[in-house]
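Everything below concerns the one structure shown next.
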Amino acid sequence: MNKFPLLLTGIFLSLPLQAQEDEFQTVITPAFSPVTWERLVNAENEPENWMMYSGTLDSQRYSRLDQINTNNVTELEMKWSYQIPVIDRAETVPTVVDGIMFITEAPSNLTAVDARTGRVYWRYDHELPEDLRICCGRNNRGVAILGETLFMSTLDAHLVAIDARTGNVLWDVEVADYEAGYSKTAAPLIVKDKVVTGIAGGEFGIRGFIDAYDPVTGDLEWRTYAIPGPGEPGNESWSGDSWKTGGAATWITGSYDPDLNLIYWGTGNPGPDWNGDVRLGDNLYSDSALALDGDTGEIAWHFQFTPHDVHDYDSIQVPILADIEYQGSTRKVMMWANRNAFFYTIDRETGEFLEGEAYASQTWAQGLDPNGRPIRVPGMAPTYEGILVSPPIVGATNWYSPGYSQQTGLFYVTSFDGEQEFFKRDEDYEEGERFTGGGGRYNQPMDAFHSSIRAINPATAEIEWEFPIMPRSSAGITTTAGGIVFTGSADGYFFALDAASGEELWHISLGARVHAAPMTYAIDGQQFVTIASGNVVYTFGLKEN
Amino acid sequence: MSNLTTQLRPLLTAAFIGLLLSTSSSLAEDAGNLYNTTFDINAGLRYFERQCSRCHGFDAKGSDETGAPDLTGRLSRASSEVGIFNIIRTGIPGTAMLPVAADVADAQVWQLVAYIGSLSTDPANIDLPGSIVSGAGLFTNKGACNSCHMIDGQGGRQGPDLSRVGERRSPEELLSDMLTPHTDVAPRWWTMRVTDNDGVVREGLRMNEDSFSLRIMDNDANLWSYPKNQIASFERLETSTMPSYSQTLSDSEVDDLVAYLFSLRKEN
């Protein structure tokens, strides 16, 4: 393996706290070496780097770094901060490769900084039209990297390839027409020699898809629609022509299993969101997990969490893949805490439903049947007058990344026990206009609701512990071999919990909403943990004695 | 709406937009919004629900989630219908407030302006039965409202500052606040009861509470801040400390107070 060609010239510090671990080594100068597919497949063996949105292809967000651990996490101090110049809400998860950090910024910009100091190497500002069609803010959540090229989604529904060393644009392709309501916010996923990426626009009557692009040329290699066309299985699950404007956006990053050669990707709500009268049927493959062939994009299997959704319960969660002990044998599973308030453990080879339970407050379903299909409570669909339903539109969770710890075998999710009045409205589709068919309204202040970080046993779907937060969180979760769950909260805290017990270990007030997931990396034997809060990216490390 | 008005509207609109484009905004402001009938307001409501409610909320009261402001009271970025029109038409650069699509007709934007205007109560259009002068007297005398509430720097600290309450509360809401104060109490005015590790109990208004700490103001206006992990327990009382005036003031006295409070605005 030649991923560290300059290893011999590197300088290795051996800090006292890190003396027991020699699992990783890092070259410090010069920074950056090309990221091969082999490096991405084996990313967990390179914990000093965070080379993709979810850390590893299985999206566990589990780092083998343990220098920061349950015994010393109280010794964390801020090492540097980076102020994003465009004021908006940072949802970025930075990527770190060999000492360089790549930070995406609102609206669709990208900056490379020295991961040790936060000082800038280069900056890319993506030019955007003024009449964007975006539902929910000017966000970008991260990049993918292959070789020496970064791949970034933009709000005008382009995919841009950028030279990692200079910030120069290598190519810029239109994925879809922004004027028709398409946009892009999520980090792409590298799968072998392709850049796999989804699309946003579920509130504009788009037809969702997952694309794969050639990383060198930007040519489209395959496109798999999340809504089957005429003659394809599943198209009959849409009444009339409703499939054409049925949404099922694919607006968060998926996962990949190299052994099974399957890509796993979530799909969003059917459109219009809150008026199902115009799209009778199950509305496949909205609100589903799709397993796609890693070479062709063909759908190997699907699992629909919420058939005929009328509450905007997108299945836009990052699929977490792990091999777990289940009923006496090792199973390859996919774990999923859904916006609809149910947690699912699914066999990721076949799509077979194994376990599922509500993990948060919900009033719309009596439970799940033996196949994992929800048993609906009658009369909970939105009405013209409004009807109170839990979870609210924002969901029991949402796009914020969940985490999984290889040490505890537990799945961790940010959960919200809330409720909201849902309204239905009649709307005709017009290209480029919102197509939602209603909306929602809270009847209580946010502080009246309960919110928590919950740890779930995937073999039983039971909640092992919860840590209350308020008023709620939209932060992702990262776990480490130091026995820690790192996450944040909407009231501006970044904090560490004991992964086994849920006990609070450390917190710091960063003062602005944490709307992103933490990530961790190391340089010269020193572990860092980074989180975006407000418009600032903060990096912490242990105090040096 | 008369047929004549309907027929004239396109002409008037053309003339009006012409004014808007060719003259200063003050002239346009003088022209007013020609699309302010009940029909227009309802059309604006439909447009709002479809295009704006995702960020501003279905009730237009804003959203902490999106950071979009409450549109039902005084607007911080626009003080006139033209100002609202321009924000909708051009957006607010550097924010998530995008302009409406270029092919949306000005008439539709004006209908939206009319709907937003309908969300706040223009005092010029309200004829309240009570007496402002009598209400002002009741506020400091019989009602003793000033023992808890400040107006223009005078009064107590145990309730919301009412110096501009007329901008954010309608007369109906003010009436409800006085008669049924325990309904829909804002979290800022809940009470927290804290028991520290020595067993000392301290109670006060909930200035702020977050995941790891809380801050209260006790009856003597002392400010206290507690880390949650360094106290024995805490309890939230989601009721108001304000008494109901249904038994202590007559109907006409309550009307006087409503008239007085509704008159409290910046321009006064």
Side-chain angles (χ1 to χ4, degrees), chain A residues 86-89 106-107 130-139 179 203 272-273 386 393-394 420-423 425-427 430 432-448 451-452 467-474 488-493 495 504 507-509 513, chain B residues 42 45-68 72 89-104 108 183-190 192 206-215 225 227-230 234 236 238:
Chain A
V86 177
I87 302 298
D88 215 300
R89 178 171 83 185
E130 289 182 356
D131 55 343
L132 290 168
R133 314 292 206 276
I134 52 177
C135 81
C136 314
R138 306 183 306 160
N139 309 313
E179 291 184 306
E203 274 64 54
D273 307 38
I393 290 169
V394 71
Q420 196 170 34
E421 258 188 309
F422 284 74
F423 296 88
R425 293 291 181 267
D426 297 318
E427 286 171 3
E430 293 173 57
E433 296 287 309
R434 283 179 188 261
F435 187 52
T436 60
R441 180 173 71 190
Y442 286 107
N443 286 349
Q444 298 181 70
M446 199 55 78
D447 282 5
S451 213
S452 58
F467 180 80
I469 50 177
M470 65 166 298
R472 53 184 300 267
S473 173
S474 42
S489 59
D491 52 16
Y493 284 99
F495 55 97
E504 179 206 332
H507 68 260
I508 186 168
S509 174
R513 184 183 197 119
Chain B
N42 284 334
L45 164 65
R46 284 196 298 278
Y47 187 86
F48 181 89
E49 287 182 341
R50 179 166 185 173
Q51 301 292 344
C52 317
S53 69
R54 183 81 184 188
C55 294
H56 288 282
F58 220 61
D59 50 10
K61 286 187 176 297
S63 163
D64 291 341
E65 179 74 18
T66 60
T72 64
R89 186 44 99 195
T90 61
I92 300 174
T95 74
M97 177 66 197
L98 301 171
V100 296
D103 59 359
V104 173
Q108 203 164 5
T183 306
D184 297 330
V185 183
R188 165 67 177 83
W189 302 103
W190 292 347
M192 298 291 278
R206 184 178 180 270
M207 308 286 286
N208 190 269
E209 181 190 354
D210 60 43
S211 298
F212 294 95
S213 66
L214 59 94
R215 279 152 299 286
S225 181
K228 285 183 175 175
N229 62 4
Q230 290 172 34
F234 63 92
R236 278 190 205 164
E238 299 184 5

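Source: prediction; values computed, not measured. Letters A, B, ... are given to chains in the order of the sequence lines, protein chains preceding strands, and every chain is numbered from 1.
If you measure heavy-atom distances from A:Ala448 to chain B, the contacts under 4.5 Å come from both the backbone and the side chain. Contacts between B:Ser213 and chain A at a heavy-atom distance below 4.5 Å involve backbone atoms as well as side-chain atoms. If you measure heavy-atom distances from B:Lys61 to chain A, you find no contacts under 4.5 Å at all. With a 4.5 Å cut-off on non-hydrogen atoms, B:Val104 touches chain A through its side chain but not through its backbone. Looking at A:Ile87, only its backbone comes within 4.5 Å of chain B, counting heavy atoms on both sides. For A:Glu504, the part lying near chain B is the side chain, with the backbone staying farther off; criterion is any non-hydrogen pair under 4.5 Å. Only the side chain of A:Asp273 comes within less than 4.5 Å of a heavy atom of chain B; its backbone N, CA, C and O stay farther away. Contact of A:Phe495 with chain B is made through the side chain alone, with heavy-atom distances under 4.5 Å. Proximity to chain B (any heavy atom under 4.5 Å) is shown, for A:Gln420, by neither the backbone nor the side chain.
The structure places NE2 of A:His507 at 8.0 Å from CG of B:Asp210, a figure rounded to the nearest 0.5 Å. Annotation: the span from A:Arg425 atom CZ to B:Arg46 atom CZ amounts to 10.5 Å, rounded to 0.5 Å. To the nearest 0.5 Å, atoms OG (B:Ser53) and CZ (A:Arg441) are separated by 11.5 Å.
Side chain of B:Arg54 to main chain of A:Cys136: no donor-acceptor pair is present (N/O by atom type, distance under 3.5 Å, no hydrogens or angles). A donor-acceptor distance shorter than 3.5 angstrom exists from the side chain of A:Asp491 to the backbone of B:Ser211, with no hydrogens or angles considered.
Top candidate by heavy-atom pairs under 4.5 Å with chain B, chosen from A:Arg89, A:Glu203, A:Glu179, A:Glu130, is A:Glu203. Highest contact tally toward chain B, considering only A:Gly438, A:Ser509, A:Gly492, is held by A:Gly438 [criterion: heavy-atom pairs under 4.5 Å].
Taking the six-membered ring where the residue is Trp, B:Phe58 and A:Phe423 present parallel rings, their angle staying beneath 30° rather than reaching 60°.
Looking at every heavy atom in both residues, A:Ile134 comes nearest to B:Leu98 through CG1-CD1, 3.4 Å.
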Trace of the salt bridge (charged side-chain N to carboxylate O under 4.0 Å, His left out) decision for B:Arg206 with A:Asp447 = CA-CA 11 Å; B:Arg206 184 178 180 270; A:Asp447 282 5; 3.0 Å; yes
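The closest side-chain heavy-atom distance from A:Glu430 to B:Arg50 is below 4.5 Å.
For CG of B:Asn208, the number of neighbouring non-hydrogen atoms (other residues, nucleotides, ligands) closer than 6.0 Å is greater than 12.
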